[in-house]
Amino acid sequence: MTTRIERHHYDVVVIGAGGAGLRAAIEARLAGKRTAIISKSLFGKAHTVMAEGGAAAAMGNVNSRDNWKVHFGDTMRGGKFLNNFRMAELHAKEAPERIWELETYGALFDRTKDGKISQRNFGGHEYPRLAHVGDRTGLELIRTLQQKIVSLQQEDKRKHGDYEAKIKVFSETTITELLLDGDRVAGAFGYVRESGEFLLFETPAVVLATGGVGKSYKVTSNSWEYTGDGHALALRAGATLINMEFLQFHPTGMVWPPSVKGILVTESVRGDGGVLKNSDGKRFMFDYVPDVFRHQYADTEEEADRWYTDPDNNRRPPELLPRDEVARAINSEVKAGRGTPAGGVFLDIASRLTPAEIQRKLPSMYHQFKELADVDITKVPMEVGPTCHYVMGGVEVDPDTTAAHGRVEGLFAAGEVSGGMHGSNRLGGNSLSDLLVFGKRAGEHAAAYTDSLPKRPKPAAADVEAAVSAALAPLSRENGENPYTLQQDLQAVMGDLVGIIRREAELTDALKRLQELKRRVANVSAVGGRKYNPGWHLALDLRNMLVVSECTAMAALEREESRGGHTREDFPKMSPEWRQVNLVCALDGDDVVLERKPVPKMRSELITLFKRTELSKYLTDDELAEFDALSGEAK
Amino acid sequence: MTTTASRPGAKPRAAIAARTLRTDRWWVPPLGIAAILLFFIAYATVRIFMAKWYFVPEHNYLTPLYSPCVAENCVPGSSHFGTWLPALPFFIPLGIIAFPIVAGFRVTCYYYRKSGYRSLWASPQACAVKEPHTKYTGETRFPLIFMNAHRYFWYLAFAVLLINFYDAALGFKGTDGGFGIGLGTVIIWVNVLALAGYTLSCHVCRHITGGRLKHFSKHPLRYKFWTFVSKLNAKHGTYAMTSLFTVILTDAYIMAVSAGWFSDLRFIN
Amino acid sequence: MGSTRKFRVWRGDENGGDLQDFQVEVNEGEVVLDVIHRLQATQTPDLACRWNCKAGKCGSCSMEINGMPKLGCMTRMSTFTEDETVTITPLRTFPVIRDLVTDVSYNYEKARETPAFAPPAGVAPGDYRMQQVDVERSQEFRKCIECFLCQNTCHVVRDHEENKPEFSGPRYFIRAAELDMHPLDAKTDRKEYAQASMGMGYCNITKCCTEVCPEHIKITDNAIIPMKERVIDRKFDPLVWLGRKILRRDQLNGQGQGLDAPSGKPAGVTGHAKGVGPTSARLPEPPDLQEDGKLALTEITFDRPAAPSPFGEDVSFPMRGTSYVHPDRQRETSPEDEGTQAH
């Protein structure tokens with residue numbers, strides 16, 4: 001084989017340079033490991049920058065009644081009790097530490113009057129809980145972590161004379177394959193976009209932090225990078241994915257003008273007083289408050305409006321219902337013919353706040369609409385609709401160590417690519433804190449894992465050669481299919497048939513079409529050379545998107561209920577029996593297989609944090625009887 | 001082929017020969033500014049060496065280009081601060097005290113540096129337009145390092161501004177020697193206000209009122225000053241250009257009245 | 001509703017290239033980046049262009065549109081007339097990789113040279129107290145999305161490649177200003193550093209950086225000029241010097257030196273996960289030798305001087321046939337582990 005491959009040795013390789021990846025890399029480096037960060041784009045451009053609302057952490061700076069138990073409860077409630085309780089617990093407990101830590105890295109959050117980190121309200125959170133910086137919290141987070149890495153590199157430079165002695169960022173590099181030595185991770189193989197050259201990382205530990213899968217959808221807020229690389233790498237390495245049917249459709253993405261379709265309008269627009277109206281001008285969310293939430297949400301406009309100034313004595317406006325409820329409500333309004341011409345509804349902040357207030361509270365929203373669409377949100381309402389935003393499912397991991405389940409050892413996952421933490425639906429603001437909490441854990445446990453190894457695993461030469469030829473295949477194939485066409489076809493299948501509202505017939509159809517696409521993707525070809533060739537890159541990403549889409553479609557067909565980010569029109573109710581089931585997806589050869597596994601049972605001191613009336617909506621009779629016995633004991 | 005700058009060992013840039021690909025009329029603003037600046041330089045040079053027509057004794061109008069006039073050969077009445085310099089030869093302007101200060105203040109001003117470098121020195125003429133110079137060291141060495149002396153000039157110019165205010169106050173002299181207002185008084189006052197706006201909106205002023213503090217919260221009063229100056233500072237360029245024109249206007253008006261080309265329009269007395 | 005418009009796109013690489021003409025369909029409400037995507041999907045699948053968020057938040061799609069440095073996703077097609085030919089070229093200050101993609105590593109190198117935040121000594125995480133008025137100035141600079149348009153448009157390096165080693169550029173001046181204005185930053189010599197090592201004196205305040213900033217950060221007025229003034233405080237101002245002597249106002253700036261402040265200890269496994277997972281120490285091991293008993297070439301051709309060994313820091317250089325084990329590590333090794341050491 002004449003192909004040149006650049007070889008690197010690292011102790012920990014972190015795939016993904018978003019919040020989770022950078023946090024993991026910092027931790028691995030602090031543990032003394034030689035760490036590589038693989039970034040699909042330039043360093044610091046990760047999708048984390050898009051997060052606007054804030055990072056949820058029960059610091060209690062604004063309302064001192066807040067604590068980790070309340071946060072835990074909100075997270076479980078938001079996830080409809082399908083969350084991995086241990087992850088939710090760790091997340092709620094550790095989020096404040098992780099946020100405070102950021103300040104020691106140089107982050108500048110907005111402040112309260114007494115100089116602490118200010119916290120804001122957000123859908124699904126009982127108290128003001130989101131640490132934020134205007135509406136660019138994600139950018140602050142990524143920049144802070146990026147700068148922390150730079151500062152560690154400066155330390156290394158002082159100590160070793162080289163910035164990259166201990167931690168190196170490989171920007172614009174994509175990993176196409178994980179290499180194993182038996183069941184152990186031994187390395188990662190990929191290419192550099194810039195040159196098309198191949199890289200081989202020999203490493204005993206890999207942290208996946210590749211984010212989500214949104215690019216398989218037609219309308220999405222996700223960037224081109226979100227092709228489910230980490231999910232697919234994990235599957236092919238023998239790990240499992242959990243609950244891939246749960247996708248979050250952000251209720252308010254821009255639907256007009258078409259070029260910016262999918263871009264998110266942050267929930268804080270609603271938190272700061274924005275209301276949803278249909279084309280009749282009616283504030284329709286009052287008609288869509290589910291019984292579960294009845295006692296927490298206002299039923300008159302007057303009470304809802306009072307809440308903004310007096311949240312202690314009034315119930316909150318229904319615009320602040322969890323995202324899936326809002327998304328479904330908008331979908332119903334549009335389907336009933338009360339939508340805008342572009343297929344959305346109106347989100348009106350212009351008539352609720354003065355232009356000066358809007359510009360101060362939502363500067364980048366204002367900026368974004370003004371510059372991208374020439375729409376002045378201080379004067380006219382926005383046109384919004386549901387857009388694919390976040391995948392709750394992901395790599396099945398051990399909650400404490402973030403080690404991937406399945407056959408493989410040495411694989412860790414954190415952030416959006418991991419599953420379980422958010423259950424069936426994620427609360428706004430929980431993803432940024434998720435990145436930090438589990439990113440750190442992934443880094444420290446990956447480091448600890450490398451220490452435990454008796455011998456360093458070695459990748460097999462044959463596997464490397466196989467990876468090379470797989471990567472080169474689209475370039476050598478002639479007259480194959482155009483990757484862009486294939487991507488559009490895949491997006492159409494997923495958007496139309498496995499979208500926000502799902503039906504059995506459509507899902508079956510989708511699976512058939514995905515099989516067909518699989519055959520076509522096997523025949524994809526890319527013109528041009530290896531140097532910065534986006535067509536080639538897309539051709540390589542396609543198979544990842546496809547395998548993940550198949551998992552999503554299969555799991556969506558299997559789960560016969562509606563819960564959080566999964567809505568079946570033919571099974572509109574939430575089923576207590578299904579709450580006990582996790583759907584786990586694995587690869588058997590080239591075929592995707594699905595398995596049911598039980599959801600881990602909450603520890604008694606945690607389940608007793610909830611009221612029986614609330615639990616009765618989610619649990620089976622047997623579980624409730626068990627709960628009664630527990631709470632009886634407690635008395 | 002490529003005209004972009006190169007350094008041995010540096011990887012090549014995109015081979016684009018055009019000096020700029022801008023399609024708008026980017027050369028208009030620098031040309032306009034250059035015309036204004038050159039006109040002012042020419043006008044001021046002529047005027048400061050004229051050594052006449054700078055004072056209207058009836059109404060105490062003194063042109064800012066000659067204030068303070070402290071030489072023995074100043075026109076009687078124009079020396080508001082005494083005559084403690086001997087009679088000056090023709091090649092030294094009578095405004096020798098203040099003129100170097102205000103000229104230095106303007107030359108080293110951050111706004112004029114921008115407009116001067118762009119329009120007079122073409123470094124660069126406009127954004128993304130290649131500059132003609134082959135070497136560039138900015139303000140790192142002699143003589144341009146002296147641009148950093150703006151701070152000194154500001155302290156001195158502030159003193160000159162106070163003198164201008166004093167002169168302007170004297171300008172309320174009526175025809176009978178008592179209180180009076182004429183068009184000249186109004187023009188003089190517009191000018192000193194423009195000058196005050198220019199001086200107070202200066203970046204140096206912004207810095208010393210509060211910009212240099214690390215913690216605004218510990219100095220609430222200075223924070224207020226700073227906020228006020230910051231607001232002015234956003235319009236520093238406007239003040240700079242306005243005051244340039246008001247200075248010319250004031251001087252030209254006083255010259256005309258002093259030379260007797262027309263007489264001052266009186267509103268009160 | 002759509003119309004066909006004329007485009008000229010620079011295509012090529014470090015060996016040369018030229019502007020190529022294209023006719024592309026443009027729909028209402030589209031931006032330049034949409035057009036490039038349409039080109040990729042329909043005419044030139046291998047047209048290289050960086051992009052990510054397509055919402056003006058990540059700063060990836062920096063390019064020059066009709067000669068002006070701009071973000072492709074923030075330039076609406078409605079700003080051009082129907083018959084106008086739109087010329088799209090890569091950033092001209094950085095080496096070209098291919099088509100619209102340039103090598104922006106200059107910026108990352110400069111980022112690495114700029115001293116990082118120095119945390120105040122003795123303030124625990126969670127105890128940081130800052131007032132909103134004190135953080136606002138720095139927050140403005142933290143809006144930066146690192147699109148590098150300011151770096152690209154700055155004539156100091158755009159027209160003078162030879163200034164690149166000395167000049168950090170506007171992006172890093174605002175970084176220096178951000179840290180100098182950070183209420184809790186403990187490093188006190190940022191002003192001097194900006195002047196001496198970042199080349200702030202090269203800036204002649206022609207304000208093009210501010211003009212092209214898509215985040216509308218007042219780079220010149222709020223960062224560079226204040227930093228220049230702060231340098232003047234230290235270096236040139238007579239009154240400040242006098243004031244310091246008389247009023248002993250030395251405390252105007254924070255105290256303490258932050259450069260060597262610890263960045264945090266390697267904490268190992270902490271928090272609730274303490275004691276979970278494998279933590280036993282791994283022994284150093286020698287690299288595999290080739291059949292001729294020599295090291296594989298790749299083992300010794302690393303470009304990094306420090307710690308190239310993947311086997312732990314205490315192996316300085318693996319020698320043929322020897323397996324060096326640090327005495328300390330040997331003592332720590334428990335008898336059960338001995339077996340794994342032999343190979």
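These figures come from a predicted structure and were not determined experimentally.
Proximity to chain B involves both the backbone and the side chain of C/Thr206, based on heavy atoms less than 4.5 angstrom apart. Neither the backbone nor the side chain of C/Asp13 comes within contact range of chain B; no heavy atom of the residue lies under 4.5 Å from a heavy atom of that chain. Proximity to chain B (any heavy atom under 4.5 Å) is restricted, for C/Met181, to the backbone atoms N, CA, C and O. When heavy atoms are compared at a cutoff of 4.5 Å, C/Gln132 does not approach chain B at all. Looking at C/Glu84, the atoms closer than 4.5 Å to chain B (heavy atoms on both sides) all sit in the side chain, from C-beta outward. Contact of C/Glu229 with chain B is made through backbone and side chain together, with heavy-atom distances under 4.5 Å. Neither the backbone nor the side chain of B/Tyr111 comes within contact range of chain C, judged by heavy atoms closer than 4.5 Å.
No other option in C/Val135, C/Val156, C/Thr87 has as many heavy-atom pairs under 4.5 Å with chain B as C/Val156.
The shortest distance between side-chain heavy atoms of B/Arg206 and C/Asn222 falls below 4.5 Å. At least one side-chain heavy atom of C/Met68 sits less than 4.5 Å from a side-chain heavy atom of B/Arg22. Taking the side chain as every heavy atom from C-beta outward, C/Glu136 and B/Phe216 never approach each other to under 4.5 Å.
Closest approach of C/Arg92 to B/Ile16, counting heavy atoms only: NH2-O, 3.4 Å. Residue B/Tyr117 comes nearest to C/Asn204 through the heavy atom pair CD1-O, 3.2 Å, listed as atom of the first residue, atom of the second, then distance. The shortest heavy-atom contact between B/Ala15 and C/Gly16 is CB-CA, 4.3 Å. Contact detail for B/Gly211 and C/Arg137: the closest heavy-atom pair is O-NH1, 3.1 Å. Of all the heavy atoms in B/Arg13 and C/Arg158, the pair that sits closest is NH1-O, 2.6 Å. Of all heavy-atom pairs between C/Asp180 and B/Lys214, the closest is O-NZ, 2.9 Å.
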- Task: Could you give me the CA-CA distance, side-chain angles and deciding distance for B/Arg151 and C/Asp233, then say whether side-chain contact (heavy atoms from CB on, under 4.5 Å) is met?
- Result: CA-CA 9 Å; B/Arg151 179 81 58 88; C/Asp233 272 351; 3.0 Å; yes
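Judged as a side-chain contact (heavy atoms from CB on, under 4.5 Å), and not counting sequence neighbours, the contacts of C/Gln131 are B/Ser217, C/Val133, C/Asp134.
Between B/Tyr136 and C/His155, the ring planes are perpendicular. Angles over 60° get that label, and only those under 30° would be called parallel.
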